[in-house]
Number of protein chains: 2
Amino acid sequence: MERFREIGLKLTPQRMAILEYLDGNTTHPSAEDIYQHVRKRFPMISFATVYNTLEALRKRGLILELTIDPERKRYDPNIHPHHHLICLKCKSVVDVELDFNITVPEELKGRFEILGNHIEFYGLCEKCSEKGGESDGSV
Amino acid sequence: MERFREIGLKLTPQRMAILEYLDGNTTHPSAEDIYQHVRKRFPMISFATVYNTLEALRKRGLILELTIDPERKRYDPNIHPHHHLICLKCKSVVDVELDFNITVPEELKGRFEILGNHIEFYGLCEKCSEKGGESDGSV
DNA sequence: ACGTTCCATGATAATTATTCTCATTTTTAT
DNA sequence: ATAAAAATGAGAATAATTATCATGGAACGT
Ligand SMILES: [Mn+2]
Ligand SMILES: [Mn+2]
Ligand SMILES: [Zn+2]
Ligand SMILES: [Zn+2]
């Protein structure tokens, strides 16, 4: 929490509230989620500040911006390489902290400088699986 | 091309043009890309028709809607399970038709009904890798 | 504590992708 | 040819995100 100053980020109450909400959060919240939660304790915060803060954190590599949900961006304070499950019905995103040992053939590496990979598993979470899970078929 | 009628899709000139453009296309075009290309031979086509057609095809499982590009949805007529590379700089998307043999532990399967998976590799394509590839760090 | 500099905030407008509405036209089956 | 059903397209509407910019507040050196 203190090291934000060190990376050239001013520590404001708004940012502290956002950081506090993100710290250890595994729900992969959207900007809207973050806004709504922070707003409870900080009613005057603006949406712009949420986006500004998220962008500042992302640029410094302190959070990840996930493109796993077709509707909106989701943010992840867990910056260690890991994978995700997304429920096609309720859109919940769950961490998969497993090493799948993805190795690509040299032939491919020659044509593309691979910097990383991310597996998205899609399916139905426990809750949605029970009561007849109808998804919309998107990937 | 004929089997569209069989699935309850009326065959219009607009749709034929879109289908023709998509057939065998491996560029993973966006709706905008499709619109611009089809427009050349079919100037009066509307954006709504492009979206309508894509949605109709998607609902019937004839194309995939990819969420790999943070900016926009990309469409893929190749519906066989496969993976993708995305260039962080020029956003080009390339197929990876390899089987990586992803097996998830039973423990996880118990808590989530996994219907499929998709690996996205990110990095720099040959063209962008040459001339000092600066990405924006998004995942 | 004070002052200065620079960055952050937030109200609001703008942009962009996508979806919706609905009157009109076209396809397809009879 | 006719009629029913579905598709088209112009445009409005929605939703997520980004941009503007005047004002306020942190940081830091004094
Ligand atoms: Mn995660
Ligand atoms: Mn593909
Ligand atoms: Zn669910
Ligand atoms: Zn590239």
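What you see below is based on every heavy atom in this structure, not just the backbone, and it leaves out hydrogens, waters and symmetry mates. Numbers restart at 1 for each chain; the letters A, B, ... are given by sequence-line order, proteins then strands.
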Pairs of donor and acceptor atoms involving the side chains of residues 40-48 of chain B, under 3.5 Å and at least two apart or interchain, shall be tabulated with distances.
{"residue": "B:Ser46", "atom": "OG", "partner": "B:Ala48", "partner atom": "N", "Å": "3.2"}
{"residue": "B:Ser46", "atom": "OG", "partner": "B:Thr49", "partner atom": "N", "Å": "3.2"}
{"residue": "B:Ser46", "atom": "OG", "partner": "B:Thr49", "partner atom": "OG1", "Å": "3.4"}

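- Partners of B:Ser92 under the side-chain hydrogen bond (donor to acceptor under 3.5 Å, both in side chains) rule, at least two apart in sequence or in another chain, do not exist in this structure.
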Q: Using a 4.0 Å heavy-atom cut-off, write out nucleotides 22-30 of chain C from 5' to 3' as B (base contacted by protein), S (sugar-phosphate only) or - (no contact).
A: -----BS--
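- Near DNA chain C, meaning a heavy atom under 4.0 Å from it, residues 27-45 of chain A has A:Met44, A:Ile45 in order of number.
- For the pair B:Phe47 CZ and C:dT21 C1', the computed distance is 18 Å after rounding to whole Å.
- Protein atom OH of B:Tyr51 is 14 Å distant from nucleotide atom C1' of D:dA13, rounded to whole Å.
- Residue B:Glu55 is out of contact with every strand shown, counting any heavy-atom pair closer than 4.0 Å.
- Within the 4.5 Å cutoff, side-chain heavy atoms of A:Leu98 are placed close to those of B:Pro105.
- What separates CG of B:Asn52 from P of D:dG11 is a distance of 17 Å, to the nearest Å.
- Considering only residues two or more places apart in sequence or on other chains, A:His84 meets the side-chain hydrogen bond (donor to acceptor under 3.5 Å, both in side chains) condition with A:His28, A:Asp76, A:His82, A:Asp95, A:His118.
- Applying the side-chain hydrogen bond (donor to acceptor under 3.5 Å, both in side chains) criterion to A:Thr27, with sequence neighbours excluded, gives A:Asn25.
- How far CG of B:Leu19 is from OG1 of B:Thr53: 7.5 Å, rounded to the nearest 0.5 Å.
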Could you write out each protein N or O paired with an N or O of nucleotides 1-4 of chain C at a distance under 3.5 Å?
none

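- Contact check, A:Lys73 against D:dT18: a side-chain N or O comes under 4.0 Å of OP1 or OP2.
- In this structure, the side-chain hydrogen bond (donor to acceptor under 3.5 Å, both in side chains) partners of B:Asp33, at least two apart in sequence or on a different chain, are B:Ser30.
- A sub-4.0 Å separation between OP1 or OP2 of C:dC7 and a side-chain N or O of A:Arg15 is absent.
- Computed from coordinates, the B:Met16 CE to D:dT8 C1' distance equals 15 Å when rounded to whole Å.
- Contact check on B:Asp69 versus B:Lys91 returns no salt bridge, with no Lys/Arg side-chain nitrogen under 4.0 Å from an Asp/Glu carboxylate oxygen.
- For A:Phe121 and A:Phe100, the ring centers sit closer than 6.0 Å to each other.
- For C:dT9, neither phosphate oxygen OP1 nor OP2 lies less than 4.0 angstrom from any side-chain nitrogen or oxygen of A:Ser46.
- Side-chain contact check for A:Val94 versus A:Thr26: every heavy-atom pair is 4.5 Å or farther apart.
- Within the 4.0 Å cut-off from OP1 or OP2 of D:dA7, not a single side-chain nitrogen or oxygen of B:Gln14 is found.
- Distances were taken from every side-chain heavy atom of A:Ala48 (C-beta onward) to each of D:dT17, C:dT9, D:dA19; the shortest belongs to D:dA19.
- Residues that satisfy the salt bridge (charged side-chain N to carboxylate O under 4.0 Å, His left out) test with B:Glu55, not counting sequence neighbours, are B:Arg58.
- Note on B:Arg72: every side-chain N or O is 4.0 Å or more away from OP1 and OP2 of C:dT18.
- In this structure, the separation between CG on A:Leu22 and CG on A:Asn78 is 12.0 Å, given to the nearest 0.5 Å.
- Within the structure, the salt bridge (Lys or Arg N to Asp or Glu O under 4.0 Å) test picks out the following pairs touching residues 104-118 of chain B (sequence neighbours left out): B:Glu106-B:Lys109, B:Glu107-B:Arg111.
- If you measure from atom CG of B:Asp69 to atom C1' of D:dT17, you get 14 Å, rounded to the nearest angstrom.
- In this structure B:Tyr21 satisfies the ring pair (Phe, Tyr, Trp, His ring centres under 6.0 Å) test together with B:His37, sequence neighbours excluded.
- An angle of 40°, rounded to 10°, separates the two end axes of the helix from C:dA1-D:dT30 to C:dT30-D:dA1, each defined over five pairs.
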